[in-house]
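The next block holds one structure in the form of structure tokens; read it before the comments.
All values derive from a computational prediction rather than experimental measurement. Indexing begins at 1, ligand by ligand and atom by atom, following the structure's order.
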Amino acid sequence: MNYNIAVIPGDGIGPEITAEAVKVLDAVAAKYGHEFNYTEVLLGGASIDVHGIPLTDEAIETAKASDAILMGSIGGDAKTSPWYQLEPSKRPEAGLLKIRKALNLFANLRPAYLYSELKDACPIKGAEDFNMIIVRELTGGLYFGERKTEEVDGVMTAVDTLSYNENEIRRIAIKAFEIAMKRGKKVISVDKANVLDTSRLWRKVVEEVAEGYPEVTLEHMLVDNCAMQLVHNPAQFDVILTENMFGDILSDEASMCTGSIGMLSSASLNETKLGLYEPSHGSAPDIAGKGIANPLATILSAAMMLRYSLDLDEEADAIEAAVKKTIEAGYRTVDIAKEGEAWLGTKEIGDKIVEFI
Ligand code: NAD
């Protein structure tokens with residue numbers, strides 16, 4: 001099959017790590033008989049340097065016309081980069097917010113998994129292997145509600161509004177159940193239904209959606225309990241479904257539980273199959289151009305892209321298995337190597353993944 005992939009190399013280590021992901025995708029294409037056509041899209045500082053703005057309308061159109069979007073990371077060193085002399089709406093990060101809005105990316109997927117070989121980095125003593133994915137609602141809730149700060153009876157008072165309608169809840173719940181069908185068929189929906197009306201509506205709608213997926217088990221968990229369970233017994237989770245603010249906090253907690261943030265991928269999806277896939281980490285300007293960045297988070301993001309946007313599950317499995325074998329065989333980039341342990345550069349690790357595929 002033929003697929004059109006928009007590639008956003010971005011800034012800092014972005015071009016180095018996306019080059020490795022593209023190399024791996026090419027290996028998958030050769031093995032499984034696909035054709036991936038790549039179109040480069042400028043976003044962030046790279047776009048400011050050429051067009052004076054972090055994202056052009058043409059770039060958005062190219063992204064929209066593709067089957068999926070693979071991104072490195074964007075942004076520079078805020079203290080030294082000229083991009084940060086610009087007003088906030090013209091800085092690199094504004095381009096990312098603009099593309100998320102233009103593509104209506106309402107579902108954020110953040111996997112967190114523990115590789116046995118990297119257990120030493122996990123801050124949880126004696127943790128069993130875990131493999132979970134957090135499905136976070138990204139465009140509603142507290143972060144997007146009306147807000148104001150004003151004096152009320154001589155006292156400064158601030159109000160933020162938390163609101164969800166049933167349609168917003170339904171579409172994210174459907175995403176979570178669809179994802180669960182491709183994984184361990186277990187959804188834990190996280191809310192605060194003992195206090196919040198939005199959470200009670202959340203539960204009701206999630207239960208309605210669950211009726212359409214009889215193979216998937218659904219549990220509800222209060223957010224405070226979930227925060228404890230993540231460090232107590234992370235292996236119990238498969239898919240965590242939650243609203244915007246809870247997901248923001250829990251996904252950072254879950255990624256810290258792995259101890260290897262540089263290995264974690266992410267995806268943002270809309271109602272169609274289109275999605276934007278990127279590593280969870282930033283553009284690491286401190287190591288850009290040195291050839292030592294860890295490309296695995298981006299390579300694993302490419303695997304997510306195959307699974308969730310292109311429905312190429314077997315090919316996605318092949319990338320994930322190759323990453324696992326690379327780690328099992330003891331190959332490391334410097335960020336995950338133990339002190340004194342030998343390590344490989346960005347390109348060499350990419351080559352190992354290609355070999356294993
Ligand atoms: P960062 O994730 O870029 O770097 C934090 C530390 O982790 C650095 O020491 C870096 O060298 C290291 N690191 C990160 N990724 C690595 C990798 N793949 N391999 C090896 N080491 C790695 O976070 P930061 O320094 O806070 O941010 C740098 C820039 O990235 C900023 O401009 C920020 O706005 C941007 N950023 C972008 C995104 C995105 O594109 N979605 C996300 C987060 C931060």
Between [X] and [Y] (salt bridge meaning N to carboxylate O under 4.0 Å), is one present in this structure?
{"X": "K192", "Y": "D224", "value": "yes"}
{"X": "K182", "Y": "D311", "value": "yes"}
{"X": "R170", "Y": "E208", "value": "yes"}
{"X": "K175", "Y": "E178", "value": "no"}
{"X": "E207", "Y": "R203", "value": "no"}

Answer side chain, backbone, both or neither: which part of [X] comes under 4.0 Å from ligand 1, heavy atoms only.
{"X": "I292", "answer": "neither"}
{"X": "Y84", "answer": "side chain"}
{"X": "D11", "answer": "neither"}
{"X": "D335", "answer": "side chain"}

So, [X] versus [Y]: side-chain donor-acceptor pair below 3.5 Å or not?
{"X": "D49", "Y": "W83", "value": "yes"}
{"X": "E253", "Y": "S251", "value": "no"}
{"X": "S309", "Y": "Y3", "value": "no"}
{"X": "Y84", "Y": "E93", "value": "yes"}
{"X": "D26", "Y": "Y38", "value": "yes"}

Give a yes or no on whether [atom] lies under 4.0 Å from any heavy atom of the protein.
{"atom": "atom 21 (N) of ligand 1", "answer": "yes"}
{"atom": "atom 25 (O) of ligand 1", "answer": "no"}
{"atom": "atom 37 (C) of ligand 1", "answer": "yes"}

**Request:** Could you walk me through whether N131 and R183 pass side-chain contact (heavy atoms from CB on, under 4.5 Å), step by step?
**Result:** CA-CA 10 Å; N131 180 345; R183 299 177 39 106; 3.3 Å; yes

Which residue and heavy atom of the protein sit nearest [atom], plus the separation:
{"atom": "atom 35 (C) of ligand 1", "value": "I74 O, 3.2 Å"}
{"atom": "atom 41 (N) of ligand 1", "value": "E278 OE1, 2.9 Å"}
{"atom": "atom 34 (O) of ligand 1", "value": "E93 OE2, 2.8 Å"}
{"atom": "atom 29 (C) of ligand 1", "value": "S283 OG, 3.2 Å"}
{"atom": "atom 18 (N) of ligand 1", "value": "N294 O, 2.9 Å"}
{"atom": "atom 31 (C) of ligand 1", "value": "G76 O, 3.5 Å"}
{"atom": "atom 6 (C) of ligand 1", "value": "D286 OD2, 4.9 Å"}
{"atom": "atom 28 (C) of ligand 1", "value": "P285 CD, 3.5 Å"}

Which atoms of ligand 1 are found less than 4.0 Å from any heavy atom of [X]?
{"X": "G75", "answer": "32 (O)"}
{"X": "H281", "answer": "2 (O), 14 (C), 15 (N), 18 (N), 42 (C)"}
{"X": "S73", "answer": "40 (O)"}
{"X": "A293", "answer": "19 (N)"}
{"X": "A284", "answer": "3 (O), 10 (C), 11 (O), 13 (N), 14 (C)"}
{"X": "G282", "answer": "1 (P), 2 (O), 3 (O), 30 (O), 36 (N), 37 (C), 38 (C), 42 (C), 43 (C), 44 (C)"}

**Prompt:** D77 to ligand 1: N or O pair under 3.5 Å?
**Reply:**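 The answer is no, given that D77 and ligand 1 share no N or O pair closer than 3.5 Å.
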
**Asked** Judged by atom type as modelled, is there a donor-acceptor pair below 3.5 Å linking the side chain of D67 to the main-chain atoms of N4?
**Response**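 Here the side-chain-to-backbone pair exists.
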
**Asked** Does T18 offer a backbone N or O that forms a donor-acceptor pair with the side chain of T298 under 3.5 Å?
**Response**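 Side chain of T298 to backbone of T18, a donor-acceptor pair under 3.5 Å: no, none is there.
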
